[in-house]
Structures are given as structure tokens and as C-alpha cells.
Amino acid sequence: EVQLQASGGGLVQAGGSLRLSCAASGFTFDGHAIGWFRQAPGKEREGVSCITSSDGRTYYADSVKGRFTISSDNAKNTVYLQMNSLKPEDTAVYYCATVDSSYYSDYEGCIGMDYWGKGTLVTVSS
């Protein structure tokens with residue numbers, strides 16, 4: 001059974017940092033891409049970042065470039081999202097999801113995700 005467990009959310013002041021983790025199990029990590037997505041209240045879900053597990057290609061949404069860093073620990077089947085210089089507009093439920101790495105694009109990130117984990121709430125206070 002494919003499982004993705006996101007954790008690390010919480011309440012932080014603007015300008016602060018959080019590190020989210022996505023622990024994956026039930027599938028071969030290699031050959032897949034793991035993406036982070038977020039959904040704020042009243043807004044559509046948006047792609048934040050994505051990484052391919054085999055060669056480490058990364059994608060970032062313009063809104064987080066220079067502030068967020070995605071990384072992968074293949075030995076632990078875990079992907080991290082380091083979020084720095086957080087802003088109130090980063091407040092959202094953050095989800096991780098996976099798809100075959102062939103669905104990764106340097107321009108669009110990960111698309112057509114196959115499996116989703118439960119989200120973790122990030123709240124940034126002003």
C-alpha cells in the first residue's frame with residue numbers, strides 16, 4: 001500500500017522557518033517524483049515544489065523561489081521542504097504526492113499525481 005506521510009507543520013511568525021517532511025512507503029522510491037502542494041482557505045491547490053528521486057531535478061513555483069528548498073534522502077524514502085523567510089501568504093495545508101518521474105517537467109514541476117498524503121497545516125502569523 002502506497003503511503004505518504006507529511007509532517008512538520010505548525011505556527012510560525014513571519015520571517016521564520018519550518019521544515020516539512022514527507023515519508024514515503026509502499027513503492028519504489030527510485031523512478032518517482034515527489035511534489036509538495038498547498039491549499040489555502042478559499043483558494044485552489046497549487047504546486048509548490050517537486051523533486052525527482054533518481055537525479056534530483058527540482059522545480060519551484062515562482063512564489064517560493066529563493067525561500068524554499070526541496071531535498072530528498074533516498075535512503076530514508078523521505079523528501080523535505082525547507083521553508084525560510086515565511087510569509088503570511090504561505091499559510092496553507094501542505095500536501096506531498098508522488099508520480100512517475102516521467103511526469104516531471106522543469107517548467108511545470110510534477111503533474112498528474114498518483115498518490116497523495118494527508119496534509120500538514122502551516123500557519124504564518126504577521
Side-chain angles (χ1 to χ4, degrees):
E1 178 186 5
V2 174
Q3 290 190 339
L4 297 162
Q5 181 64 52
S7 62
L11 173 63
V12 64
Q13 289 188 331
S17 299
L18 282 174
R19 188 177 80 155
L20 304 183
S21 299
C22 176
S25 62
F27 65 100
T28 303
F29 207 58
D30 191 31
H32 282 78
I34 307 294
W36 285 99
F37 299 78
R38 67 185 181 187
Q39 187 165 22
K43 295 188 177 181
E44 292 187 355
R45 185 175 62 201
E46 64 171 336
V48 175
S49 184
C50 186
I51 187 167
T52 56
S53 60
S54 56
D55 55 7
R57 288 177 292 165
T58 58
Y59 162 87
Y60 297 96
D62 288 343
S63 57
V64 305
K65 278 181 182 176
R67 300 188 299 121
F68 290 12
T69 302
I70 193 170
S71 62
S72 177
D73 185 338
N74 290 0
K76 295 182 178 180
N77 281 13
T78 300
V79 169
Y80 304 97
L81 186 68
Q82 178 66 43
M83 307 187 295
N84 298 329
S85 302
L86 283 161
K87 305 175 181 180
E89 51 264 44
D90 294 317
T91 295
V93 177
Y94 284 71
Y95 301 88
C96 60
T98 186
V99 70
D100 187 278
S101 59
S102 63
Y103 289 89
Y104 168 87
S105 161
D106 287 338
Y107 304 102
E108 297 181 277
C110 296
I111 58 174
M113 312 310 284
D114 290 325
Y115 298 97
W116 294 82
K118 294 181 180 180
T120 184
L121 176 62
V122 172
T123 303
V124 184
S125 63
S126 58

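If you read the sequence from its start, that first residue is 1, and numbering goes on from there.
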Next on the checklist: Distance check, rounded to the nearest 0.5 Å: Asp73 atom CG versus Phe29 atom CZ?
Outcome noted: 8.0 Å
Next on the checklist: Can you classify the ring geometry of Phe68 versus Tyr94 as parallel (below 30°), tilted (30 to 60°) or perpendicular (above 60°)?
Outcome noted: tilted
Item to check | Shared hydrophobic cluster, Val122 / Val48 (ILVMFWY, side-chain heavy atoms < 4.5 Å) | outcome: yes
Next on the checklist: Tell me whether Thr28 contacts the main-chain N or O of Asp30 through its side chain, where contact means a donor paired with an acceptor under 3.5 Å.
Outcome noted: no
Next on the checklist: Whether Arg45 engages the ring of Trp36 as a cation-pi pair (distance to the six-membered ring centre under 6.0 angstrom, angle to the ring normal within 45°) should be assessed.
Outcome noted: no
Next on the checklist: Do Ser17 and Gln82 have side chains that approach each other closer than 4.5 Å (heavy atoms only, starting at C-beta)?
Outcome noted: yes
Next on the checklist: Out of the candidates Asn77, Leu4, Asp114, only one should pair with Phe27 under the side chain to side chain contact (heavy atoms under 4.5 Å, CB included) rule; please name it.
Outcome noted: Leu4
Next on the checklist: Quick check with a 6.0 Å cut-off and a 45 degree axis cone: is Arg19 positioned over the face of Tyr80's six-membered ring?
Outcome noted: yes
Item to check | Validation row: Phe37, Trp116 side chains within 4.5 angstrom (heavy atoms) | outcome: yes
Checklist entry - For the hydrophobic clusters of this structure (ILVMFWY residues joined by side-chain heavy atoms under 4.5 Å, transitively), does one cluster hold both Val79 and Val2? => result yes
Checklist outcome for this item: One should read off an interatomic distance between Cys50 SG and Arg57 CZ, to the nearest 0.5 angstrom, of 9.0 Å
Next on the checklist: Does Ser72 form a side chain to side chain donor-acceptor pair (under 3.5 Å) with Asn74? I'd like the steps, not just the answer.
Outcome noted: CA-CA 6 Å; Ser72 177; Asn74 290 0; 2.6 Å; yes
Next on the checklist: Please tell me whether Met113 and Ile111 are part of a single hydrophobic cluster in this structure, the criterion being side-chain heavy atoms less than 4.5 Å apart.
Outcome noted: yes
Checklist entry - Do Tyr95 and Leu86 share a hydrophobic cluster (ILVMFWY, side-chain heavy atoms under 4.5 Å, transitive)? => result no
Checklist entry - Rounded to the nearest 0.5 Å, how far apart are CD1 of Ile51 and OH of Tyr104? => result 8.5 Å
Checklist entry - If only atom types and distance count, is the side chain of Thr98 paired as donor or acceptor with the main-chain N or O of Ala33 below 3.5 Å? => result yes
Checklist entry - Is the backbone N or O of Val93 less than 3.5 Å from a side-chain atom of Arg38, with the two atoms forming a donor-acceptor pair by type? => result no
Item to check | Test side-chain contact (heavy atoms from CB on, under 4.5 Å) applied to Thr120 and Leu20, step by step | outcome: CA-CA 8 Å; Thr120 184; Leu20 304 183; 4.0 Å; yes
Next on the checklist: Just verifying a value: how many Å separate Ile34 CD1 and Thr52 OG1, rounded to the nearest 0.5 Å?
Outcome noted: 10.0 Å
Checklist entry - Please walk me through it: do His32 and Ser101 pass side-chain contact (heavy atoms from CB on, under 4.5 Å)? => result CA-CA 4 Å; His32 282 78; Ser101 59; 5.7 Å; no
Next on the checklist: Checking the side chain of Ser63 only, and the main-chain atoms of Ala61 only, is there a donor and an acceptor separated by less than 3.5 Å?
Outcome noted: no
Checklist entry - Got a salt bridge between Asp90 and Lys87, using NZ or NE/NH1/NH2 to carboxylate O under 4.0 Å? => result no
Next on the checklist: Let me confirm one number: the CG-CG distance from Leu121 to Leu11, rounded to the nearest 0.5 Å.
Outcome noted: 9.0 Å
Next on the checklist: Could you work out, with ring-ring contact (aromatic ring centres under 6.0 Å, His included) as the rule, every residue matching Tyr115, not counting sequence neighbours?
Outcome noted: none
Checklist entry - If every non-hydrogen atom of Ala92 is compared with every non-hydrogen atom of Ala40, which pair is closest and at what distance? => result CB-N, 3.8 Å
Checklist entry - Can you tell me how far the CG atom of Asn84 sits from the CZ atom of Arg67, to the nearest 0.5 Å? => result 9.0 Å
Next on the checklist: Given 3.5 Å as the limit, does a donor-acceptor pair link the side chain of Ser21 with the main chain of Ser7, or not?
Outcome noted: no
Checklist entry - Does Tyr60 use its side chain to pair, donor to acceptor, with the backbone of Ile70 at less than 3.5 Å? => result yes
Checklist outcome for this item: Note: Leu81 and Ser49 closest approach over all heavy atoms is CD1-CB, 4.0 Å
